[in-house]
Amino acid sequence: MRIDIVTIFPTFFDVLDISLLGKARQSGLITLGVHDLRDHTHDRHRTVDDTPYGGGAGMVMKPEPWGEALDGILEGASDPVVIFPSPAGEVFTQATARELAQEQHLVFGCGRYEGIDQRVFDDTAARARVRLMSIGDYVLNGGEVATMAMIEAIGRLIPGVVGNPESLVEESHEDGLLEYPSYTKPAVWRGREVPPVLLSGNHGAVDAWRHEQQLARTRAVRPDLLP
Ligand SMILES: OB(O)c1ccc2cc[nH]c2c1
């Protein structure tokens, strides 16, 4: 998978050189391109924003630098999905991560200030699949944190990135439920015992207990996930 990111804070994504995603890049499973939006400005101050038409507080990101940056990425690209993190976007879920992990090329456009001139979305949608994505009902200062979260959620689902693919199966949201509680040695810690069923060696009983724990947790914390 190729991933391109357009941002005014390119060093924000240096962290993608480490851990699982860093290994995936070294092995060629993921190819990453980080593009500084200011490299697509042509004034002395490298201006990327201006006051909003219609008035209002804050600044809006100018369309010209975005147009030039995306032209360079989309030219010759093979059917990428262009994702703009936005509080006004569809909610990114584990199902979205699974869906996007199937793609060959993702482009993330990280907005700042009050957002990006709408014509950038419209112009890009005329030549690529565009999706505005929200990672939750709260507002960040820009798209970089959301992009990092989505890249991690998507990247870990790409075959070969996570060593043991079985570890991807029993996770929260994979089967529509929250995950069961986990325990490891010691069997007693500060007077707290591991649930005896987990020490029983009875795999059927363990599976049943874990499923019940998933249901109980989901009922308590995320009843909206239940069918
Ligand atoms: O909360 B968010 O996901 C988000 C995304 C993009 C921008 C651009 C300016 N504020 C933003 C917030």
Side-chain angles (χ1 to χ4, degrees), residues 1-16 21 30 32-41 43 45-74 80-101 103 105-157 172-173 222 224-225:
M1 175 185 289
R2 179 169 177 86
I3 298 176
D4 285 289
I5 305 169
V6 181
T7 173
I8 60 172
F9 297 120
T11 58
F12 183 93
F13 295 97
D14 288 355
V15 72
L16 290 176
L21 289 178
I30 295 175
L32 180 69
V34 182
H35 309 263
D36 187 343
L37 184 66
R38 293 192 194 278
D39 290 346
H40 300 280
T41 61
D43 64 302
H45 298 293
R46 310 186 83 201
T47 308
V48 293
D49 63 310
D50 205 332
T51 53
Y53 278 122
M59 303 291 272
V60 175
M61 299 192 94
K62 295 167 58 61
E64 301 97 322
W66 278 101
E68 184 180 303
L70 290 169
D71 285 351
I73 294 167
L74 296 178
V81 180
V82 184
I83 299 161
F84 293 99
S86 168
E90 62 181 288
V91 176
F92 180 88
T93 65
Q94 188 66 14
T96 319
R98 278 199 296 270
E99 174 198 346
L100 293 175
E103 294 290 343
H105 189 184
L106 301 179
V107 180
F108 289 88
C110 300
R112 280 274 155 174
Y113 307 101
E114 297 307 309
I116 303 170
D117 185 301
Q118 176 63 37
R119 291 168 293 181
V120 172
F121 306 137
D122 300 339
D123 180 68
T124 307
R127 51 193 172 143
R129 290 174 287 163
V130 168
R131 296 179 68 174
L132 273 60
M133 287 276 180
S134 165
I135 61 168
D137 293 337
Y138 44 84
V139 181
L140 303 169
N141 289 329
E144 285 79 8
V145 168
T147 292
M148 188 72 81
M150 289 189 274
I151 287 176
E152 176 152 327
I154 295 163
R156 62 196 298 275
L157 298 179
S172 285
H173 303 289
R222 289 295 304 275
D224 58 296
L225 294 178

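The residues of the chain are indexed from 1 along the displayed sequence. Any value given below was found using the heavy atoms of this structure, including those in side chains, with hydrogens, waters and symmetry copies removed. Remember, it's 1-based here, ligands and their atoms both numbered in the order they're listed.
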message = Measuring only between side-chain heavy atoms, which start at C-beta, is Phe92 closer than 4.5 Å to Leu100?
response = yes
For ligand 1, the portion of Ser86 having any non-hydrogen atom under 4.0 Å away = backbone
remark   = Within 4.0 Å of some non-hydrogen atom of Val139, the atoms of ligand 1 are 1 (O)
remark   = Nearest non-hydrogen protein atom to atom 12 (C) of ligand 1, with distance, is Leu140 O, 3.3 Å
task = Give the residue and atom name of whichever protein heavy atom lies nearest to atom 9 (C) of ligand 1, and the separation in Å to one decimal.
result = Tyr113 O, 3.2 Å
query = In terms of atom number and element, which parts of ligand 1 are under 4.0 angstrom from non-hydrogen atoms of Asn141?
reply = 9 (C), 10 (N)
message = Take a 6.0 Å sphere around OH of Tyr138 and say whether it holds more than 12 heavy atoms from other residues, nucleotides or ligands.
response = yes
task = Answer with side chain, backbone, both or neither: which part of Arg112 has a heavy atom less than 4.0 angstrom from an atom of ligand 1?
result = backbone
side-chain contact (heavy atoms from CB on, under 4.5 Å) evaluation trace for Ile135 with Leu140 = CA-CA 10 Å; Ile135 61 168; Leu140 303 169; 4.2 Å; yes
query = More than 12 foreign heavy atoms under 6.0 Å from CG of Asp14: is that the case here?
reply = yes
query = Starting from atom 4 (C) of ligand 1, which protein heavy atom do you reach first, and at what distance in Å?
reply = Pro87 CD, 3.6 Å
request  = Could you list the residues that satisfy side-chain hydrogen bond (donor to acceptor under 3.5 Å, both in side chains) with Asp43, not counting sequence neighbours?
outcome  = Thr47
request  = Pick one of side chain, backbone, both or neither for how Ile116 approaches ligand 1, counting any non-hydrogen atom pair under 4.0 Å.
outcome  = neither
key: Subset of ligand 1 atoms that lie under 4.0 Å from at least one heavy atom of Tyr138   = 1 (O)
query = At their closest point, which heavy atom of Pro85 faces which heavy atom of Gly143, and how far apart are they?
reply = CG-O, 3.5 Å
Check against side-chain contact (heavy atoms from CB on, under 4.5 Å), Thr41 and Glu68 = CA-CA 9 Å; Thr41 61; Glu68 184 180 303; over 6 Å; no
ask   = Is any side-chain N of the basic residue among Asp36 and Arg38 closer than 4.0 Å to the acidic one's carboxylate O?
value = no
query = What protein heavy atom sits nearest atom 5 (C) of ligand 1, and how far away is it?
reply = Pro85 O, 3.4 Å
ask   = Can Ser134 be said to touch ligand 1, with heavy atoms closer than 4.0 Å?
value = no
